[in-house]
Structure formats: structure tokens, C-alpha cells
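A short worksheet on the structure shown next.
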Amino acid sequence: MTVFALADCNNFYVSCERVFNPKLVGKPVIVLSNNDGCAVARSNEAKNLGIKMAVPYFKIKHLIDGENVHVFSSNYALYGDMSNRVMQTLVTFTPVIEIYSIDEAFLDFTNFAFTNLTDYARSIQSTVRKNTGIPISIGIGTSKTLAKIANRIAKKSLKANGVLDLTSSTYIDIALEQIPIEDVWGIGKRYAAYLKLINIKTALDFKYADTQIIKKKMGINGVRTQKELYGESCYSLETTPSVRKSVAVSRTFKTPITCFDELSQALSSYISRGAEKLREQDSFSENMTVYLLTNRFKKESFYYNSRSHVFTTATNTTPEMIRQGKLLLKQIFKEGKEYKKAGVVFSNLVKKGCVQQDLFSPSDHTRSKKLMKAIDKVNSQMGRHCAQYAATGLSKKQPWRTSFNYRSPAYTTDWNQLLIV
DNA sequence: TCTGGGGTCCTAGGACCC
DNA sequence: TCTGGGGTCCTAGGACCC
């Protein structure tokens with residue numbers, strides 16, 4: 001039988017801010033999404049004030065001012081680096097680990113037969129805290145879904161205090177009864193709404209529900225989730241990070257754009273970033289999709305359109321992609337609209353060495369490959385936007401640039417922003 | 001006034017093949 | 001009058017995750 005532990009950082013982005021700013025401990029703190037749009041991380045104190053996940057900033061402004069909530073813009077350089085530190089510590093406790101997201105990892109405890117798992121988890125918890133300053137919770141179960149549920153309870157229950165071992169079958173059903181159906185891993189808003197209609201309200205209801213009904217409505221994954229609640233593991237640990245099957249870059253603009261040239265600059269910079277990501281993982285793209293849209297909250301005037309291009313030979317060369325991207329943009333751009341967001345998706349990715357060449361127009365990419373390599377090197381040594389394409393615009397004050405008005409310093413990744421004590 | 005970004009997988013249906 | 005069966009591949013859309 002498998003045994004998995006899920007280690008999950010508590011209110012991760014907020015905890016990262018607190019490590020370098022201890023005055024924030026015990027106070028309500030939130031971290032906002034791009035353009036300071038929505039609350040994407042909340043301290044427990046902020047949650048207790050009723051600030052919900054992903055709520056727009058402008059809707060809670062009164063609360064923030066009234067209750068003295070500390071507000072931060074997203075600081076991805078800091079969170080990414082802190083995440084690495086946490087993961088590096090976790091690896092020292094078991095080499096069999098799946099880094100599931102920026103703040104979560106599954107650990108394989110399967111062969112820890114002579115270990116008290118709760119004690120072991122507590123020592124992981126305290127070591128991570130000591131090494132990084134980040135508080136984590138750990139849930140243990142015989143399937144990933146049960147480990148997730150154990151983690152959820154570990155976080156909320158005072159008695160569990162951050163660690164819960166749910167491998168003993170005696171307690172599983174008691175735990176499942178406390179879990180609302182929408183909190184089960186794999187069951188989102190849509191399925192939860194349906195399940196409640198047919199009187200499946202908790203994880204326990206789901207476990208003992210008619211499998212045929214689940215299969216019909218939710219397909220094979222619904223059945224898997226049900227099995228996982230029985231403790232039968234259907235999702236194994238993915239220990240080797242898999243290469244991406246698609247790469248996307250998109251941004252919402254701070255202020256709407258009406259002008260084609262500005263839109264084209266924004267899109268060119270997203271394509272440029274996407275091409276960099278492709279080169280980072282040695283992938284080439286066969287298919288590029290460009291899309292744009294107006295404010296999705298103004299339903300009456302909403303406009304969305306997209307167009308794709310298939311490259312004869314898969315590529316990751318920025319200028320070639322920008323050229324095609326602009327052609328696609330021209331096809332979907334409509335005069336007089338107020339655009340709020342644009343993006344690009346690269347799909348049908350091919351690994352280096354597997355790119356199908358064109359028999360009738362064989363091309364030599366040696367020069368462009370050298371150029372891309374040189375540009376990537378400059379940018380990695382001198383900073384991301386050091387060398388860029390003119391198509392992305394030369395002005396620093398483009399209206400489409402994402403704003404971060406409350407961003408903390410990059411304490412751990414920039415010599416000029418070190419914490420001064 | 002103001003509302004994020006980046007992914008994965010599954011399924012149904014259409015086109016096509018023999 | 002009466003029109004089969006089995007299979008693959010691709011795509012769009014819908015669901016989910018963080």
C-alpha cells in the first residue's frame with residue numbers, strides 16, 4: 001500500500017512577506033494578483049475579516065482601510081526563490097518527492113514502516129521553519145486525495161496543529177464527513193453544484209455514492225477520485241518534472257488599449273517571453289495561437305477572437321514568431337474596441353532533435369540559433385529586459401505594462417535589494 | 001473607475017479509412 | 001422497400017488544478 005504526505009506552505013505568499021518583515025506577524029496581510037487586481041493570498045487574520053480568495057481589490061478597499069490590512073503586490077522573484085528553499089529542505093527527508101506547485105509537494109512515505117509518521121512530519125515541519133522561516137502543514141494518507149484532505153484538516157484543526165496522519169482506517173470516514181464536497185481534490189465548482197443537487201454534500205457522501213452516476217457525470221476521473229477516497233491510489237507520484245505540452249503568455253492591461261500599434265507591442269513582448277520559455281526547455285512550437293479580448297465583465301460589448309498559425313518547421317526563433325504573430329493580430333483586430341487583454345499560446349511542442357524538416361525548403365537555422373543564444377545569455381546575465389526587440393516598443397511607460405504598486409524588495413535574488421538590518 | 005495567469009486531461013463528435 | 005461494422009485521428013469545449 002502506498003503512503004503519501006502532502007506538505008503545503010501556509011498562506012505561502014503572505015508567509016514569504018513575513019519572513020523579511022516580522023512586524024506583519026499576527027496582523028491581517030494580503031497579496032494581490034497582477035495589476036494589483038485580486039487578493040490571491042491571505043493571512044489567517046485577513047481570512048477572518050471575511051476577505052475571500054480572488055476577490056477584487058476595489059471591492060475590499062473599505063475593509064482594508066478600516067481594518068489596517070497590509071497589502072502587497074505579487075513578488076514572483078521572492079516567492080519563486082523561497083519555494084526553491086522549501087523544496088530543497090523537503091528533499092533531505094525523502095528523495096522521492098513530487099513538486100506539485102509553487103507551495104506544495106507530495107512526499108513518498110510508502111516504505112517508512114518503522115517510522116512514526118506523525119513524529120517524522122513534525123520534524124519536517126520544524127526543519128522547514130528553521131531553514132526558511134516558512135510555516136507548513138503536512139497531511140498523510142494512502143492516496144493523494146486523502147493526503148490532501150488530511151492536510152486540510154491539519155491546517156484548520158487546533159488539535160492537529162499542522163500535522164495529521166490519516167492512514168489508519170478508523171478515522172477516515174470521520175474526517176471525510178467534515179469535508180464539504182467542493183473541498184475534495186478534483187471536484188470543482190461545477191461538479192459540486194451538481195452533486196449537491198443530488199444530495200451529495202460531503203466527501204463521505206461521495207465515497208458511498210453510486211459509481212455509475214459519478215461515471216456518467218464526471219467521467220473516469222470522478223471514479224478515480226471516489227476510489228482514492230477508499231484509500232486506493234489512482235494517481236501515482238510524478239517524480240520527474242515533465243516537459244510542458246504548451247506554453248502561454250498573456251496579460252491584462254492596466255488601462256484598455258484601442259490602438260493597434262500598442263496592442264502589437266504588447267503582443268510582441270508576450271511572444272518574445274514565450275519564445276524564451278520554449279528555448280529554456282529546448283522545445284520548438286508547431287502551432288501559435290494569438291488572442292485578444294475586451295473587458296469580460298462588460299457583457300454587452302464583449303469581444304473575443306483568436307487565430308492560429310501552423311509553422312512549416314517548428315520554431316522557437318523570436319523574430320519569426322513576432323512576424324507571424326503580428327499577421328494574426330491584424331486578422332482579429334477590430335477598430336474601435338477597448339482591448340483589455342491579449343495573449344499567445346504555443347502548442348504542439350517538439351523537443352530539440354525531433355523537429356520535422358521541410359524537404360522542399362530546407363533552411364539553415366544556424367545563424368538565428370546563435371543569435372537567440374546570445375540574446376538569452378545577455379538577458380540572463382544583465383537582467384531580463386536588457387536586450388529586446390524593437391517590436392516590443394521602446395518607451396518605458398507603455399500603458400499595457402503590468403503595475404505593482406505595493407511590491408516588496410527582491411530580498412533574496414538581487415544584491416541591490418538585500419534586507420538591511 | 002477598478003476584476004490574474006498558466007497549465008493538464010477527458011470526452012463527444014466529425015472526418016476519414018478499410 | 002430494403003444500405004454494415006470497426007477503427008483511428010483530430011478538434012473544440014468543458015472540467016479541473018495551483
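Letters A, B, ... are given to chains in the order of the sequence lines, protein chains preceding strands, and every chain is numbered from 1.
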* Among C:dC18, B:dG4, B:dG6, the one nearest A:S101 by side-chain distance -> C:dC18
* Between C:dG14 atom C1' and A:Y194 atom OH, what is the distance in whole Å? -> 16 Å
* Strictly under 6.0 Å, is that where the ring centroids of A:F112 and A:F109 end up? -> yes
* Structure fact -> Out of B:dC9, B:dG4, C:dC18, minimum distance to the side chain of A:T252 belongs to B:dG4
* With both distances under 3.5 angstrom, what nucleotide forms a Watson-Crick or G-U wobble pair with B:dC18? -> C:dG5
* What nucleic acid atoms does A:K340 come within less than 4.0 Å of, heavy atoms only: base, sugar-phosphate, or nothing? -> sugar-phosphate
* Asked: Would one find more than 12 heavy atoms of other residues, nucleotides or ligands at under 6.0 Å from atom NZ of A:K227?
  -> no
* Asked: Of all the nucleotides listed (C:dC18, B:dC9, B:dG4), which has the minimum atom distance to the side chain of A:E104?
  -> C:dC18
* Earlier contact from the 5' end, DNA chain B, for A:G37 and A:V247 -> A:G37
* Asked: A:V40 side chain: which of B:dG4, B:dT8, B:dG6 is closest?
  -> B:dG4
* Between A:F72 and A:H70, ring centroids under 6.0 Å -> no
* To do: Decide whether a cation-pi geometry holds between A:K351 and A:F284; the criteria are a distance under 6.0 Å from NZ or CZ to the six-membered ring centre and an angle within 45° of the ring axis.
  => no
* Asked: Among B:dT3, C:dC17, C:dC16, which nucleotide sits nearest the side chain of A:R190?
  -> C:dC16
* Under 4.0 Å: is that the gap between some side-chain N or O of A:K61 and OP1 or OP2 of B:dT1? -> no
* Could you say whether A:T402 or A:K215 is positioned toward the 5' end of DNA chain B, judged by the nucleotide with the nearest heavy atom to each? => A:T402
* Hey, is A:F297 doing a stacking thing with B:dT3, by the 5.5 Å centroid and 30° angle criteria? -> yes
* Asked: Of the candidate nucleotides B:dG4, B:dT3, B:dC10, which contains the atom at the shortest distance from the side chain of A:N34?
  -> B:dG4
* Tell me whether the OP1 or OP2 atom of B:dG7 has a side-chain N or O from A:K277 closer than 4.0 Å. => yes
* Asked: Under 4.0 Å between a Lys/Arg side-chain N and an Asp/Glu carboxylate O for A:E104 and A:K144?
  -> no
* Asked: Rounded to whole angstroms, how far apart are OH on A:Y406 and C1' on B:dG4?
  -> 16 Å
* Asked: Are OP1 or OP2 of B:dC2 and a side-chain N or O of A:K254 less than 4.0 angstrom apart?
  -> no
* To do: Determine: side-chain N/O of A:S74 to OP1/OP2 of B:dG4, distance under 4.0 Å, yes or no.
  => no
* Which nucleotide in B:dT8, B:dC10, C:dC17 has an atom nearest any side-chain atom of A:K245 -> B:dT8
* Choosing from B:dG6, B:dC10, C:dC18, which nucleotide comes nearest the side chain of A:R251? -> B:dG6
* Hey, does the side chain of A:R224 come within less than 4.0 Å of B:dC9's phosphate (OP1/OP2), counting only N and O? -> no
* Phosphate contact (B:dG5 OP1 or OP2) by A:K341 side-chain N/O below 4.0 Å -> yes
* Asked: Looking just at side-chain N and O atoms, do A:N305 and A:Y303 make a donor-acceptor pair shorter than 3.5 Å?
  -> yes
* Structure fact -> Looking only at B:dT3, B:dT8, C:dA15, the nucleotide nearest the A:R244 side chain is B:dT8
* To do: Measure from the side chain of A:I220, starting at C-beta and using heavy atoms only, and say which of B:dG4, B:dG7, B:dT11 lies closest.
  => B:dT11
* Asked: Are any of A:S250's side-chain N or O atoms less than 4.0 Å away from OP1 or OP2 of B:dG6?
  -> yes
